[in-house]
Amino acid sequence: MYMEFLFVIYDYFAILKKRILLFEWGIPSITGVVCLILSLGFGIDSQYGIIEKSFGYVGTLLGFTLAALTLLLSSEKMKEACEYQLETLLHNRKATLYELVVVSYTYLIVVEGILCVSFFIAQLFDFVYIRNIAIIMNTAYIVLLFNVLLVTIRTVADMYFILIKRK
């Protein structure tokens, strides 16, 4: 089975600092726990409505991420980003700003693809409904969705700083 995308996810977690980890995973996790408590405790079953409405955004984000990565890789500014060393370690050496941005965009593409595929798989098996399992899976989808949005914000900011040469 094709599992090389796991290296992208590993590299993404390898470049995270605590501050970024709290931003990109703390906020989505808190949001997911609140959704889980509301759904399990109070019987509010609006999770699927949120997911159904958000699917169009995920597809749009996937297109945006692919276009942004293409733009970034074809930019002349990337030569300077290749030379700018960070304190972050990647594969036991200092990572460059170029590597940080490429890993972030590639991670976004992988996770957005997983979200799209999981949405379609859930549509195939919508006749199987086990309430608690569905709520937990929907919560995981919501956590990943918020994670994608926050990673996109950080990655766009990184791209902005590369293009205008701010450090």
Side-chain angles (χ1 to χ4, degrees), residues 2-36 46-47 49-120 137-167:
Y2 182 76
M3 301 296 271
E4 280 82 5
F5 69 90
L6 294 176
F7 290 115
V8 173
I9 295 171
Y10 174 78
D11 286 349
Y12 164 75
F13 282 105
I15 63 171
L16 285 183
K17 295 181 180 177
K18 287 182 182 179
R19 182 175 50 93
I20 296 171
L21 182 71
L22 285 174
F23 176 72
E24 292 179 0
W25 284 98
I27 295 171
S29 296
I30 291 169
T31 305
V33 167
V34 168
C35 288
L36 183 67
S46 62
Q47 282 183 332
I50 293 168
I51 291 170
E52 194 171 38
K53 290 177 185 174
S54 71
F55 180 70
Y57 300 119
V58 173
T60 303
L61 273 175
L62 182 57
F64 167 76
T65 305
L66 288 167
L69 182 61
T70 303
L71 170 74
L72 195 62
L73 294 176
S74 64
S75 171
E76 288 294 319
K77 303 278 185 176
M78 289 314 296
K79 290 178 184 172
E80 297 169 21
C82 289
E83 298 167 3
Y84 187 76
Q85 296 285 321
L86 302 171
E87 296 298 319
T88 306
L89 293 178
L90 182 63
H91 304 292
N92 297 322
R93 62 176 174 72
K94 285 187 176 183
T96 63
L97 185 57
Y98 173 79
E99 290 171 327
L100 176 88
V101 172
V102 169
V103 166
S104 295
Y105 272 115
T106 308
Y107 168 79
L108 280 170
I109 292 168
V110 167
V111 174
E112 289 165 357
I114 289 171
L115 287 174
C116 288
V117 169
S118 67
F119 182 82
F120 288 127
M137 297 305 288
N138 289 344
T139 300
Y141 187 95
I142 290 170
V143 168
L144 279 176
L145 177 67
F146 277 95
N147 171 256
V148 162
L149 294 174
L150 295 176
V151 172
T152 300
I153 290 169
R154 182 182 56 85
T155 307
V156 167
D158 288 343
M159 187 171 76
Y160 170 78
F161 290 125
I162 288 172
L163 294 176
I164 65 164
K165 294 184 182 181
R166 282 194 192 165
K167 296 181 182 181

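Side chains are part of it too, since the values below use all heavy atoms of this structure and drop only hydrogens, waters and symmetry mates.
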Problem - Minimum side-chain heavy-atom gap V58-V148 below 4.5 Å - result: no

Completion exercise
Sequence neighbours excluded, the answer for side chain to side chain donor-acceptor pair (under 3.5 Å) partners of S54 is none

Fill in the blank from the handout: The salt bridge (charged side-chain N to carboxylate O under 4.0 Å, His left out) partners of R93 (sequence neighbours excluded) come to E99

Problem - Heavy-atom pair with the smallest gap, counting every atom of L150 and F23 - result: CD1-O, 3.2 Å

Exercise for the section: State, yes or no, whether a side-chain contact exists between F146 and I27 at a heavy-atom distance under 4.5 Å. Expected result: no

Handout entry: OG1 on T139 to CG on L144, rounded to 0.5 Å
Key = 11.5 Å

Practice task
Applying side chain to side chain contact (heavy atoms under 4.5 Å, CB included) between V8 and each of L108, V111, V102, T106, report the one that passes.
Solution key: T106

Practice task
List for me each residue that meets side chain to side chain contact (heavy atoms under 4.5 Å, CB included) alongside L22, sequence neighbours excluded, and say none if there are none.
Solution key: none

Exercise for the section: Can you sort out the partners of V156 under side chain to side chain contact (heavy atoms under 4.5 Å, CB included), two or more places apart, ordered by chain and number? Expected result: F64, Y105, T152

Problem - Residue pair I20, W25: steps toward the side-chain contact (heavy atoms from CB on, under 4.5 Å) verdict - result: CA-CA 8 Å; I20 296 171; W25 284 98; over 6 Å; no

Handout entry: Test side-chain contact (heavy atoms from CB on, under 4.5 Å) applied to L61 and L149, step by step
Key = CA-CA 9 Å; L61 273 175; L149 294 174; 3.5 Å; yes

Practice task
Answer yes or no: is there a side-chain heavy-atom contact under 4.5 Å between I15 and S104?
Solution key: yes

Handout entry: side chain to side chain contact (heavy atoms under 4.5 Å, CB included) partners for L66, two or more places apart
Key = L62, I109

Exercise for the section: Quick one: which residue pairs count as a side-chain hydrogen bond (donor to acceptor under 3.5 Å, both in side chains) with a foot in residues 55-70, not counting sequence neighbours? Expected result: T65-E112

Exercise for the section: Working to the nearest 0.5 Å, report the span between CG of N147 and CD1 of I142. Expected result: 13.5 Å

Exercise for the section: List for me each residue that meets side chain to side chain contact (heavy atoms under 4.5 Å, CB included) alongside Y10, sequence neighbours excluded, and say none if there are none. Expected result: none

Handout entry: Partners passing salt bridge (charged side-chain N to carboxylate O under 4.0 Å, His left out) against D158 (at least two apart in sequence or in another chain)
Key = R154

Handout entry: Residues forming a salt bridge (charged side-chain N to carboxylate O under 4.0 Å, His left out) with K94, sequence neighbours excluded
Key = E87

Practice task
Kindly state each residue pair satisfying salt bridge (charged side-chain N to carboxylate O under 4.0 Å, His left out) with at least one member in residues 53-63, sequence neighbours excluded.
Solution key: none

Problem - Nearest-0.5 Å distance, CG of residue N138 to CG of residue L36 - result: 10.5 Å

Fill in the blank from the handout: Sorted by chain and residue number, the ring-ring contact (aromatic ring centres under 6.0 Å, His included) partners of Y141 (sequence neighbours excluded) come out as none

Practice task
Give a yes or no on this: more than 12 heavy atoms of other residues, nucleotides or ligands lie within 6.0 Å of atom CZ of F7.
Solution key: no

Practice task
Only counting residues at least two apart or in another chain, list the ones meeting ring-ring contact (aromatic ring centres under 6.0 Å, His included) with Y12.
Solution key: Y107

Handout entry: Intermediate values then yes/no, side-chain contact (heavy atoms from CB on, under 4.5 Å), I9 and F5
Key = CA-CA 7 Å; I9 295 171; F5 69 90; 4.0 Å; yes

